[in-house]
There are 2 protein chains.
Amino acid sequence: MAKKKVMREMDFSTEEKIKNAARVVFQKKGLAAARTRDIAEEAGVNLALLNYYFRSKEKLFEIIMYETLTNFAKGITGIFNDENTTLEEKIGLLVEKYLEMLTNDPNIPMFILSEIRNRPKDLLEKLPAKSVLSNSVAINQFGEMAAGGEFSEKDIPHLLMNLLGLTVFPFVGKPFIMALGGLDELEFNTLMQERKKMIPLWMKTMMSVK
Amino acid sequence: MAKKKVMREMDFSTEEKIKNAARVVFQKKGLAAARTRDIAEEAGVNLALLNYYFRSKEKLFEIIMYETLTNFAKGITGIFNDENTTLEEKIGLLVEKYLEMLTNDPNIPMFILSEIRNRPKDLLEKLPAKSVLSNSVAINQFGEMAAGGEFSEKDIPHLLMNLLGLTVFPFVGKPFIMALGGLDELEFNTLMQERKKMIPLWMKTMMSVK
DNA sequence: GGTAAATTTATACAAATGATTAAAAAATTT
DNA sequence: AAATTTTTTAATCATTTGTATAAATTTACC
């Protein structure tokens, strides 16, 4: 079995090379379309090493998916549970953070959502921040604003969906949007940067529509 | 080879049964994860009949994808090129139509987008309404409003993305959203019905933020 | 009602693919 | 430096999966 301490002064250990390659290939193509041989090639490594270090393609996938989900959720819970920021500030921070993350890693949302489609039970159980979200400071702040009459209590799920949709959807539909708008990579990324300022404004106005 | 005229008074011809099953399975699981045996079973039909009526899994997939894309795009171009409606009316009609369609067929957006991810070139060429959209009446109306100072010309792509995101994203993230919100099917669908009225209002306010 | 064409079935094949194994090579320990 | 352990390689296996084929069955036609 593999031992971490054995790592020599290579750029990356074989185990790391495989994990990084698996992340790339899985996130780009999804579990079903990803071939173990694709991953081995991407890693520049013998095929049998995948099974040597990770018992199976499934195990390797689970590791990548777990890390991806955890990393993705980490940002939300941190920001949404800060007692010292207003809701408006939280939205700004969240949008800023995720637009930045997704500009660098645009495949993540599609990866997560399309795998959830294929194995909803499996993955949604492992979802961190399920009850965490509903008890978050941010949700309470939404509730307070609703109580204050800014908008209806019934609108809260909609506003959350909108925040998510406005931020994440462009990346889910990236190839579609780029083709439809005749955009290149740079133009798309520029739009995403612009949204850092715009989404918070839009959210603010949507939270005032009665 | 198959001949249409041979159809007896069955509920559905074998060819139709296969196509319907293929639509269900492909839209639910995607091309890579869909097995020809899944489709045959869903259709209640011998496996070899898939290749008898449609030469290969790929051919069958292309038919389903083409029909799905065409049907999906049909609604947009019709509404967006009507000379006799205002932009506000167009948005209302579009949102109404697509929320209705997607409530009945929630897998379509994820199906289209995830297959585009896997074969961007193939599918995006076949995309109807690529140049159609940019020359549409609706886009001109957006331009007029921008000229009138309601919002900036630079905001138009954003507003289009927002319209798409607010309408389509909930379906792309449906399992995720249902789990996070603790919603059942009925509650989710109720939210989608509510959005028929809300999205046009939100769009209206977003088109006034300067 | 018999014959030809079509549909359907059972079976099997071939390629792709995840996984295994035994031997070789490299690294570590003694 | 020898021995032991770890890592890597090449080759192969077993299953899955898309597809083909030949026989059986059903339908259409005269």
Side-chain angles (χ1 to χ4, degrees), chain A residues 1-66 115 118-119 122, chain B residues 1-65 114-115 118-119 122:
Chain A
M1 285 299 160
K3 294 265 180 63
K4 296 287 173 53
K5 57 180 172 181
V6 184
M7 190 195 316
R8 298 129 288 172
E9 56 273 28
M10 307 195 321
D11 298 345
F12 291 98
S13 72
T14 299
E15 197 173 343
E16 282 176 309
K17 280 195 270 185
I18 293 173
K19 257 182 67 174
N20 290 334
R23 193 176 358 262
V24 170
V25 174
F26 279 140
Q27 289 186 355
K28 185 158 68 186
K29 310 175 61 159
L31 172 62
R35 305 283 103 103
T36 53
R37 284 164 177 80
D38 298 337
I39 298 173
E41 188 180 14
E42 171 81 23
V45 136
N46 187 286
L47 172 62
L49 292 176
L50 301 216
N51 292 293
Y52 177 73
Y53 283 101
F54 309 89
R55 311 211 350 115
S56 68
K57 178 187 173 184
E58 289 283 334
K59 299 274 188 209
L60 179 53
F61 173 80
E62 275 169 29
I63 290 171
I64 299 300
M65 177 53 82
Y66 177 79
E115 297 303 334
N118 293 333
R119 320 170 25 181
D122 256 12
Chain B
M1 283 301 160
K3 293 267 178 62
K4 296 287 173 55
K5 55 179 174 179
V6 185
M7 193 194 314
R8 298 129 288 172
E9 56 273 28
M10 307 197 318
D11 298 347
F12 291 99
S13 71
T14 300
E15 198 173 343
E16 283 176 309
K17 280 195 269 185
I18 293 172
K19 255 181 68 172
N20 290 334
R23 193 176 357 261
V24 170
V25 175
F26 280 139
Q27 289 186 356
K28 186 158 65 183
K29 309 174 61 158
L31 173 61
R35 306 281 103 104
T36 53
R37 282 161 178 83
D38 299 337
I39 297 173
E41 188 181 15
E42 171 81 23
V45 134
N46 186 286
L47 172 61
L49 291 176
L50 300 217
N51 293 294
Y52 177 72
Y53 283 101
F54 309 88
R55 311 210 350 115
S56 68
K57 177 188 172 184
E58 289 282 333
K59 298 274 188 210
L60 180 53
F61 173 79
E62 274 169 31
I63 290 171
I64 299 300
M65 178 52 82
S114 67
E115 297 303 333
N118 293 334
R119 318 169 28 181
D122 257 11

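Letters A, B, ... mirror the listed sequences (proteins, then strands); counts begin at 1.
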Tell me: CZ of B/Phe54 to P of C/dT8, nearest whole Å?
-> 12 Å

Listed in order of residue number, which residues of residues 58-66 of chain A have a non-hydrogen atom at under 4.0 Å from DNA chain C?
-> none

Does a side-chain N or O from B/Tyr52 land closer than 4.0 Å to OP1 or OP2 of C/dA6, or not?
-> no

Distance from B/Leu60 atom CG to B/Arg55 atom CZ, nearest 0.5 Å?
-> 13.0 Å

In Å and rounded to the nearest 0.5 Å, what is the OG1 to OH distance from B/Thr14 to B/Tyr52?
-> 9.5 Å

Measure from CZ on B/Phe26 to C1' on D/dG18 and round the result to the nearest Å.
-> 11 Å

Take atom CG of B/Leu50 and atom P of C/dT9, then tell me their distance rounded to the nearest Å.
-> 12 Å

To the nearest Å, give me how far apart CD (B/Glu41) and C1' (D/dT17) are.
-> 15 Å

Hey, mind stepping through B/Glu58 and B/Arg119 against salt bridge (charged side-chain N to carboxylate O under 4.0 Å, His left out) and telling me if it holds?
-> CA-CA 13 Å; B/Glu58 289 282 333; B/Arg119 318 169 28 181; 3.5 Å; yes

Roughly how far apart are B/Leu50 CG and B/Arg37 CZ, rounded to 0.5 Å?
-> 10.0 Å

Decide yes or no for A/Glu62 and A/Tyr66: does some side-chain heavy atom of the first lie under 4.5 Å from some side-chain heavy atom of the second?
-> no

Can you tell me the distance, in whole Å, between the CG atom of A/Leu31 and the C1' atom of D/dT16?
-> 15 Å

Can you tell me if the side-chain N/O atoms of A/Thr14 get under 4.0 Å from OP1 or OP2 in D/dT7?
-> no

Give the rounded distance in Å between these two atoms: CG of B/Leu49 and P of D/dT26.
-> 14 Å

For B/Asn51 and C/dA10, what is the distance between atoms CG and P respectively, to the nearest whole Å?
-> 16 Å

B/Lys17 NZ to C/dT7 C1': how many Å, rounded?
-> 12 Å

Mind running side chain to side chain contact (heavy atoms under 4.5 Å, CB included) on A/Lys19 and A/Tyr53 for me, showing each step along the way?
-> CA-CA 10 Å; A/Lys19 257 182 67 174; A/Tyr53 283 101; over 6 Å; no

Counting only pairs under 3.5 Å, give me each side-chain donor-acceptor contact of residues 22-36 of chain A, with atom names and distances, residues two or more places apart or in other chains.
residue: A/Arg23; atom: NH1; partner: A/Glu67; partner atom: OE1; Å: 2.9
residue: A/Arg23; atom: NH2; partner: A/Asn20; partner atom: OD1; Å: 2.9
residue: A/Gln27; atom: NE2; partner: A/Thr68; partner atom: OG1; Å: 3.3
residue: A/Lys29; atom: NZ; partner: A/Asp38; partner atom: OD2; Å: 3.2
residue: A/Arg35; atom: NH2; partner: A/Ala32; partner atom: O; Å: 2.6

Summary of protein contacts for nucleotides 11-17 of chain C, nucleotide by nucleotide, where a base hit scores B, a sugar-phosphate-only hit scores S (4.0 Å, heavy atoms) | ------B

Rounded to the nearest 0.5 Å, how far apart are CZ of B/Phe54 and NZ of B/Lys59?
-> 12.5 Å

CG (B/Leu47) and CD1 (B/Ile39) are apart, to the nearest 0.5 Å, by 10.0 Å

